[in-house]
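Notes follow the structure.
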Number of protein chains: 2
Amino acid sequence: MADLSTPDPPSRSDRPGTRERILDSTAELFRRYGYTGTGLKQIVARANAPFGSIYHFFPGGKEQLGAEVIHRSGRMYEELLTAIVDAAPDLESGLWDCFLGAAAVLVETDYADACPIETVALEVASVNETLRLATAEVFAGWTRAAVARFTAAGVPAERAEDLALSVIALLEGAFVLARAAKDVQPLRAAGEAAVALLERARA
Amino acid sequence: MADLSTPDPPSRSDRPGTRERILDSTAELFRRYGYTGTGLKQIVARANAPFGSIYHFFPGGKEQLGAEVIHRSGRMYEELLTAIVDAAPDLESGLWDCFLGAAAVLVETDYADACPIETVALEVASVNETLRLATAEVFAGWTRAAVARFTAAGVPAERAEDLALSVIALLEGAFVLARAAKDVQPLRAAGEAAVALLERARA
DNA sequence: GTCTATACTTTGATAGAC
DNA sequence: GTCTATCAAAGTATAGAC
């Protein structure tokens, strides 16, 4: 059961503070409904926070909150995936576990919780340059992490980046197909394809 | 809501009618800004149509218009991709041409015009069951068309569907990465991976 | 810092004149 | 059928009491 919550309650209180709850709430809503589909009122309602707290903690409004959530969700998801990979006996099975785990989460949440920033990334790409850059940085970070694992596992350096991009594309694309069809077969197919591409790149 | 085919092009003029212009306008805006990000007023402004025409031609409002655009865009994109594939000397180069052509369009439009329904599919997946089903039908149609080409090219039937899902996932996932980074490298990497997967499935 | 009330804009949708 | 005016609701953002 992949736990995506509780990074570290910062300091003085042991209960998550208002700012933290707003970030959590926003992340969950963005993942399900996207950026434009999520209202600030909806966010504070779910966070059990007063409306004014949004502008108290995020003077830049929805855009600042969105940028922070994109970076935060991106970092947490990267940690989750790398933890799964590093816990596996080899890279192939680690990769497979990522796709399989993603499929399990989708089924558990009735195909609501896929990639935490994919929907937002597509929505803002041609609309908001600040947020577009935030999503680009997240994807670049994932790519770096994947390249490091691939090269460490014996993939030639000149092939590692293309392989990383292809594997991430397989995961993101499979999320789209799986959520639309409410079926995990795209994730199984994409996972198998990712493993095959890794084996090919090693040879 | 039974008739999805063009009901009655006002035959007296050969210029595209109001209904057609609304559909075109909506399709373009959906591709760039998504479903919730596109307003009805924005649609009629771009279509040079009066606001009331939307509800005259689409009594079901935004949802009916959205469903029709999803099916229409899905069909047109399928025809475009299959035309590219069928024009190529072999399936491998046809597949590669699809990814290369998609990259060219992205560059021409400053990374605005990628898949016409991907953003909408993610936005509506957990929100609107009617539209979710529309996107699922489009993806299922693309999968069928790809399976037909793959089996005709010698891919065993039991591998053809997983291969089709993986190739479509590669394309959709590469669109996300390319639009976020404003870079076509993900499309080149994914295209090469798609060709490799096809070669592997044939062997 | 917490919380409420409100301003202003935009949304999808409707009514009715022409 | 075309087009305009307008509605109620929801959106983001702000002001200010406590």
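Convention: sequence-line order gives letters A, B, ...; per-chain numbering from 1.
- C/dA13 atom C1' lies 14 Å from atom CG of B/L65, rounded to whole Å.
- Ring-plane geometry between A/F51 and A/Y55 is classed as tilted, the angle between the planes lying from 30 to 60 degrees on a 0 to 90 degree scale.
- When atom types are taken as modelled, the side chain of B/R21 and the backbone of B/N48 share a donor-acceptor pair closer than 3.5 angstrom.
- Side-chain polar atoms of A/S126 and B/R179 form a donor-acceptor pair below 3.5 angstrom.
- Among B/D113, B/T109, B/T38, B/V69, the single residue meeting the side chain to side chain contact (heavy atoms under 4.5 Å, CB included) criterion with B/R31 is B/D113.
- Sequence order on DNA chain D of the closest nucleotides to A/E63 and B/P50 puts B/P50 first from the 5' end.
- Atom CD1 in B/I22 sits roughly 14 Å away from atom P in C/dG12 (whole-Å rounding).
- Contacts of A/G52 with the nucleic acid, taken as non-hydrogen atoms under 4.0 Å apart, include base atoms.
- Among the heavy atoms of the strands, none lies under 4.0 Å from B/F58.
- Between the P atom of C/dT10 and the CD1 atom of B/I43 lies a distance of 17 Å, rounded to the nearest Å.
- In this structure, the CD1 atom of B/I54 is 13 Å from the P atom of D/dC3, given to the nearest Å.
- Remark: P of D/dT14 and CD of A/Q64 are 12 Å apart, rounded to the nearest angstrom.
- Between the CZ atom of B/R19 and the P atom of D/dC3 there is a distance of 17 Å, given to the nearest Å.
- Taking 4.0 angstrom as the limit, A/T18 places a side-chain polar atom (N or O) nearer than this to OP1 or OP2 of C/dT2.
- In this structure, A/T143 contributes its side chain and A/A164 its backbone to no donor-acceptor pair below 3.5 Å.
- Listed by chain and residue number, nothing satisfies the ring-ring contact (aromatic ring centres under 6.0 Å, His included) test with A/F175 (two or more places apart in sequence, or in another chain).
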Produce the list of close N/O pairs, under 3.5 Å, pairing protein atoms with atoms of nucleotides 8-12 of chain D; give distances to one decimal.
from	atom 1	to	atom 2	distance (Å)
D/dG11	N7	A/K41	NZ	3.4
D/dT12	OP1	A/T38	O	3.4
D/dT12	OP1	A/K62	NZ	2.8
D/dT12	OP2	A/L40	N	2.7

